[in-house]
Amino acid sequence: MGIQESVTEHMKAAMRAKQADRLRGLRGIRAGIILAMKEDGRDTLDDAACIAVLKKLAKQRRDSIEAYVSAEREDLAQKERDELAVIEEFLPAGPSEATVRGWVAEAIAATGATSPREMGKVMGMVMKAHRGEADGNLVRQIATELLS
């Protein structure tokens with residue numbers, strides 16, 4: 001069963017169990033998938049396209065959480081956190097921090113970077129080599145730490 005079908009089945013189960021918060025998150029995922037299908041003119045999406053949609057939705061939720069927290073709207077931030085948790089259930093597990101740290105160390109060695117001013121070279125190399133796998137914020141954080 002693909003991600004698209006799995007989301008639909010989980011929606012049905014959440015409706016039966018009357019789980020309103022979970023259902024809201026699942027409906028958001030389904031809406032994102034349907035929008036992507038309409039944009040491409042397809043009837044279904046393969047798992048790779050669904051993962052791209054899920055990553056986009058997760059990033060939107062993280063940005064919203066950050067905005068709500070800075071505006072001191074914890075109630076709205078919590079709703080976004082709940083939806084993010086549902087989205088992350090369908091995303092494959094990303095690389096561990098140790099793995100990303102290894103990638104950044106390799107990129108630093110390959111580029112010969114020695115200061116934070118050369119972080120662009122390191123970031124570019126890691127993100128190009130591990131497109132879709134590495135979280136840019138984590139890569140930047142580790143690169144800053146290792147180059148300081």
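The distance from the CD1 atom of I3 to the CG atom of L45 is 10.0 Å, given to the nearest 0.5 Å. From I29, atom CD1 reaches atom CD1 of I34 across 12.0 Å, with rounding to the nearest 0.5 Å.
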Tell me which donor-acceptor pairs under 3.5 Å the side chains of residues 6-14 have, and how far apart each pair is, sequence neighbours excluded?
unit_1	atom_1	unit_2	atom_2	d
T8	OG1	Q4	O	3.2
H10	ND1	R22	NH2	3.0

List the atom pairs, with distances to 0.1 Å, where a side-chain N or O of residues 50-60 and a protein N or O form a donor-acceptor pair under 3.5 Å, not counting sequence neighbours.
unit_1	atom_1	unit_2	atom_2	d
K55	NZ	G132	O	2.3
K59	NZ	D63	OD2	3.2

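Other members of the cluster containing V104 are V100, W103, I108, M119, V122, M123, V126, M127, L138, V139, I142, L146, L147, with ILVMFWY side chains joined at under 4.5 Å, either directly or via other members.
E80 places none of its side-chain heavy atoms less than 4.5 Å from the side chain of R62.
Residues forming a side-chain hydrogen bond (donor to acceptor under 3.5 Å, both in side chains) with D46 (at least two apart in sequence, or on another chain): none. Shown here are the side-chain hydrogen bond (donor to acceptor under 3.5 Å, both in side chains) partners of R140, two or more places apart in sequence or in another chain: N137. Scanning for side-chain hydrogen bond (donor to acceptor under 3.5 Å, both in side chains) contacts around E5 gives an empty result, with sequence neighbours left out. Looking at residues two or more places apart in sequence or on another chain, you find no ring pair (Phe, Tyr, Trp, His ring centres under 6.0 Å) involving Y68. Partners of S96 by side chain to side chain contact (heavy atoms under 4.5 Å, CB included), not counting sequence neighbours, listed by chain and number: A98, T99. Every side chain to side chain contact (heavy atoms under 4.5 Å, CB included) that E74 has, sequence neighbours left out, goes to V69, A77, Q78, R81.
For the salt bridge (charged side-chain N to carboxylate O under 4.0 Å, His left out) condition, the pairs that include at least one residue of residues 103-118, sequence neighbours left out, are E118-K121. Sorted by first and then second residue, the salt bridge (charged side-chain N to carboxylate O under 4.0 Å, His left out) pairs involving residues 31-45 (not counting sequence neighbours) are D40-R42. For residues 24-37, the side-chain hydrogen bond (donor to acceptor under 3.5 Å, both in side chains) pairs, not counting sequence neighbours, are D21-R24, R24-E83.
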